[in-house]
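What follows is a single structure, written as C-alpha cells, with notes after it.
Since the structure is predicted, the reported quantities are computational estimates derived from the model, not experimental observations. Residues: numbered from 1 along the sequence shown.
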Amino acid sequence: QVQLVESGGGLVQPGESLRLSCLASGFAFSYNVMSWYRQAPGKERELVASISSLGTSTNYADFVKDRFTISRDNVKQIVYLQMNSLKPEDTAVYYCNLYHNDMDYWGRGTQVTVSS
C-alpha cells in the first residue's frame, strides 16, 4: 500500500531554515510526480511545490519560489523540501502528496511553526 511519511517539521524563528522529508513506499516512486502542500488553520490546503518523476522539472507557488527548494532521491525514495528564510506566514502543516491512478495520497503531515 502507498505510504507517505513526513518528518523534519518543528518550531523555528523567522529567517531560519528547515528541511522536510517525505519517505515514500508502496508504489513506483521514480515514475510519479511528487508534491508538497501545506494547510494553515482555517485555510484551504495549498500547493507549495512539485517535482517531476526524475527530478528534472520543478514547480513552485509564487510565495515560496525564491525561498524553498524541492528535490528527490529516487534511490532512497525520499522527497525533500528545503525551506529557507522562513516567515510566520509559512506556519502550517506540510503534507507530502502523490496523485496516482486517479487517487490522491497524503501523508499525516508535519507541523512547521515559525514564530519569534
Minimum-distance pair of heavy atoms, taken over all atoms of A24 and L4: CB-CD2, 3.7 Å

Side-chain touch L81/V79, heavy atoms, less than 4.5 angstrom: no

Donor-acceptor contact present, side-chain T113 to main-chain L11, <3.5 Å: no

S52 side chain to S57 backbone, donor-acceptor under 3.5 Å: yes

Side chains of L20 and W36 in contact at under 4.5 Å (non-hydrogen atoms): yes

Aromatic contact, W106 with Y37 (centres under 6.0 Å): yes

Residue pair Y105, N97: steps toward the side-chain contact (heavy atoms from CB on, under 4.5 Å) verdict: CA-CA 6 Å; Y105 295 87; N97 168 263; 6.0 Å; no

Atom of V33, atom of S50 and distance for their closest heavy-atom approach: CG1-CB, 4.3 Å

Nearest heavy-atom neighbours spanning E6 and Y95: OE2-CA, 3.3 Å

Any S17 side-chain heavy atom under 4.5 Å of S85 side chain: no

Student check: side-chain heavy atoms of T91 and V112 closer than 4.5 Å: no

Heavy-atom pair with the smallest gap, counting every atom of L23 and I78: CD1-CG1, 3.8 Å

Main-chain N/O of I51 paired to N59 side chain as donor or acceptor, under 3.5 Å: no

Sequence-distant partners of T69, side-chain contact (heavy atoms from CB on, under 4.5 Å), two or more places apart: Y60, Q82

Atom of A92, atom of Q39 and distance for their closest heavy-atom approach: CB-O, 3.4 Å

Euclidean distance, S116 OG relative to Q13 CD, rounded to 0.5 Å: 7.0 Å

Residue pairs passing the salt bridge (charged side-chain N to carboxylate O under 4.0 Å, His left out) test where at least one lies in residues 69-96, sequence neighbours excluded: R38-D90, R67-D90

Within-4.5 Å side-chain heavy-atom neighbours: V114 and P14: yes

Minimum heavy-atom distance between L47 and S35, given as atom pair plus value: CD1-CB, 3.8 Å

